[in-house]
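Since the structure comes first, as C-alpha cells, the remarks are kept for the end.
What you see is a predicted model, and the numbers here were worked out from it, not measured in a lab.
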Amino acid sequence: MTDQVNEDKDTPKGLALAVTVYLLWGFLPLYMKLLSHIPAAEVVAHRVIWSVPIAGLVLVVMRRTGDLSEALRSPKTLMVAMIPAALVSLNWGIYVWAITSGNALDAALGYYMNPLFSILLGAIILRERLSPWQKVSVVIAGVAVAILLTTASAVPWAAFGMMLTWGFYAFFKKSLPIGPNQGFLLEVLLLTPPAILYLIWVHVSGGGFFLTSMDNTLLLLGCGVVTAVPLLIYANSAKLLRLSTIGILQYIAPTMIFLSAIFLFGEEVDAARRMAFPLIWLALVIYSVPLIRQMRAK
C-alpha cells in the first residue's frame with residue numbers, strides 16, 4: 001500500500017519538494033489574515049471539508065483510489081491515521097488563531113522550535129545520526145530559541161502547542177502504513193464528520209460566515225486549496241527525507257512568517273528577536289551546506 005519506502009536517507013527530490021512546501025507555508029499567513037473576522041474553529045472546519053475534493057482528485061488522477069479503499073477497510077490503519085488527523089487539526093486551530101489574533105510572531109516561534117523537536121525525535125526514537133557540523137547547527141539554533149523564550153513576558157502557549165502538534169504529526173505521518181497522498185485524504189476524511197457537525201451547530205445557533213457574502217464564501221472555499229496542496233507536497237517529501245533534515249528545512253516558513261509579522265502586520269519585535277533571527281539562519285546554513293554538497297557528489 002505504500003508509495004515510497006523510506007530508507008533513512010535524503011534524496012534530491014525530497015529536498016526540492018520540502019523547500020517548495022515551506023515557501024508555500026511561508027506565504028500562507030497572508031491568506032489567513034484575510035480570515036481574521038472569522039472564528040478559528042470555523043476556518044479549520046472549512047479547511048478540512050474543502051481539502052477532501054482536492055485530495056480526492058489527486059488520487060483519481062494518480063489512479064490510487066484502490067489503496068484508499070483498502071485503508072478504509074482496515075481497522076488498524078484507521079486507528080493509526082486517527083493520531084496524525086487529530087494532531088494536524090489541533091495544529092491548524094492554533095496556527096489560525098495565532099495569525100488572525102495578531103500573534104504571528106508566536107506562530108513563527110513555534111515553527112522555529114519545531115525543527116529542534118523533530119531532530120530530537122529523530123535522534124532518540126529513529127536513531128538518526130547527525131554529523132559534527134549538524135550538531136553545531138542544532139546548538140546554535142538552540143541558543144537562538146533560548147533567547148526568544150527567555151524574553152517572553154508570558155509563556156507562549158501557542159508556540160509550544162504548534163511545536164508539539166506538528167512535531168508529532170511529522171513523526172506519526174512518517175510511520176503511516178499507506179502512501180502519502182492516500183494518508184492525507186484519509187486524515188481529512190476522518191476529520192470531515194466532526195467538521196460538518198460543528199458547522200451545522202454553528203449555523204443552527206445563528207452564526208457562521210459561509211454563504212453570508214461572496215468574499216466570505218470564496219475565502220472559505222479557498223481554504224481547501226491553501227491547505228491540501230502544501231500538505232500533499234509535504235506528505236510526499238516526508239518519506240524522501242530524514243526526519244532531522246525535514247526539521248532544519250522548516251526554518252524557511254517561520255522566517256517568512258517572522259518577516260510578514262514585522263513588515264506587513266505591524267507586530268512589535270524586540271532586541272532579542274533581532275539577535276535570534278540571524279543565529280537561526282546561521283544554523284540553517286551550517287546544516288544545509290554539507291547536505292547539499294553530499295547530494296551533488298552523489
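Atoms CG and CG, from Leu164 and Leu87 in turn, are 9.5 Å apart once rounded to the nearest 0.5 Å. To the nearest 0.5 Å, atoms CZ (Arg47) and CG (Leu35) are separated by 9.5 Å. Here CD1 of Ile94 is found 12.5 Å from CD1 of Ile99. Values are rounded to the nearest 0.5 Å. Atoms CG and CD1, from Leu17 and Ile233 in turn, are 7.0 Å apart once rounded to the nearest 0.5 Å. Between His46 atom NE2 and Ile38 atom CD1 the span is 7.5 Å, to the nearest 0.5 Å. Atom CZ of Phe258 is separated from atom CG of Leu109 by 10.0 Å, given to the nearest 0.5 angstrom.
Considering only heavy atoms from C-beta on, Thr165 stays 4.5 Å or farther from Val88 through its side chain. Residues Leu23 and Val19 are in side-chain contact: their nearest non-hydrogen atoms beyond the backbone lie under 4.5 Å apart. Under the 4.5 Å side-chain criterion, counting only non-hydrogen atoms from C-beta, Trp50 is not in contact with Ile54. Side chains of Met162 and Asn91 form a contact here, defined as non-hydrogen atoms less than 4.5 Å apart. The side-chain heavy atoms of Val80 and Pro177, taken from C-beta on, include a pair separated by under 4.5 Å. Taking the side chain as every heavy atom from C-beta outward, Pro29 and Phe265 approach each other to under 4.5 Å. With contacts defined as side-chain heavy-atom distances shorter than 4.5 Å, the pair Ile49/Leu191 does not qualify.
In terms of heavy-atom proximity, Val96 sits nearest to Thr100 at O-OG1, 2.7 Å. Of all non-hydrogen atoms in Ala55 and Leu185, the two that sit nearest each other are CB-CD1, 3.8 Å. Here the shortest heavy-atom pairing between Ala104 and Ile257 reads O-CG2, 3.6 Å. Pairing each heavy atom of Leu176 with each of Gly183, the nearest pair is CD2-CA, 3.5 Å. The two atoms that bring Val48 and Val188 nearest to each other are CG1-O, 3.6 Å, heavy atoms only. Tyr22 approaches Ile252 most closely through the heavy-atom pair CB-CB, 3.9 Å.
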message: Quick one, Asp67 with Ile178, criterion side chain to side chain contact (heavy atoms under 4.5 Å, CB included). Give me CA distance, side-chain angles, the key distance, then yes/no.
response: CA-CA 8 Å; Asp67 291 351; Ile178 59 175; over 6 Å; no

task: Before giving the answer on side chain to side chain contact (heavy atoms under 4.5 Å, CB included), spell out for Val226 and Met32 the whole-Å C-alpha distance, their side-chain angles and the decisive distance to 0.1 Å.
output: CA-CA 9 Å; Val226 300; Met32 288 298 154; 4.2 Å; yes

Full working for side chain to side chain contact (heavy atoms under 4.5 Å, CB included) between Leu30 and Phe27: CA-CA 6 Å; Leu30 303 181; Phe27 286 112; 4.0 Å; yes

- request: Kindly indicate, with the supporting measurements, whether the criterion side chain to side chain contact (heavy atoms under 4.5 Å, CB included) is fulfilled by Leu190 and Met82.
  value: CA-CA 7 Å; Leu190 291 173; Met82 286 182 182; 4.0 Å; yes

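Panel note: side chain Ser36, backbone Lys33; a donor-acceptor pair is recorded below 3.5 Å. One N or O on the side chain of Ser89 and one on the backbone of Ala86 form a donor-acceptor pair closer than 3.5 Å. Although no hydrogens or angles enter the test, the distance criterion places no donor-acceptor pair under 3.5 Å between the side chain of Gln182 and the main chain of Thr65.
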Indicate every side-chain donor-acceptor pair of residues 197-211 with a distance under 3.5 Å to a residue at least two apart or in another chain.
unit_1	atom_1	unit_2	atom_2	d
Ser205	OG	Trp201	O	2.7

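With sequence neighbours excluded, the residues forming a ring pair (Phe, Tyr, Trp, His ring centres under 6.0 Å) with Phe168 are Phe117, listed by chain and number. The side-chain hydrogen bond (donor to acceptor under 3.5 Å, both in side chains) search around Ser51 returns none, not counting sequence neighbours. Listed by chain and number, the residues in a side-chain hydrogen bond (donor to acceptor under 3.5 Å, both in side chains) with Asp106 amount to none (sequence neighbours excluded). Residues that satisfy the side-chain hydrogen bond (donor to acceptor under 3.5 Å, both in side chains) test with Tyr95, not counting sequence neighbours, are absent from this structure.
Looking at Ser101 and Asn103, their side chains do bring a donor and an acceptor atom within 3.5 Å of each other.
Hydrophobic clustering, with ILVMFWY side chains joined whenever heavy atoms are under 4.5 angstrom apart, keeps Val139 apart from Met275. Clustering ILVMFWY residues whenever any of their side-chain heavy atoms sit less than 4.5 angstrom apart, transitively, puts Tyr111 in the very cluster that holds Phe263. Residues Tyr31 and Trp97 do not share a hydrophobic cluster, defined by chaining ILVMFWY side chains whose heavy atoms lie under 4.5 Å apart. Placement of Leu57 and Leu72 in two distinct hydrophobic clusters is found when ILVMFWY residues are connected by side-chain heavy-atom separations under 4.5 Å, directly or transitively. Following chains of ILVMFWY side-chain contacts shorter than 4.5 Å, one can reach Leu68 starting from Met79, so the two form part of one hydrophobic cluster.
A side chain to side chain donor-acceptor pair (under 3.5 Å) check over residues 184-193, counting only residues at least two apart or in different chains, returns the pairs Tyr169-Glu187, Lys173-Glu187.
Ring pair Tyr234/Trp25 is tilted by interplanar angle, where 30° to 60° counts as tilted.
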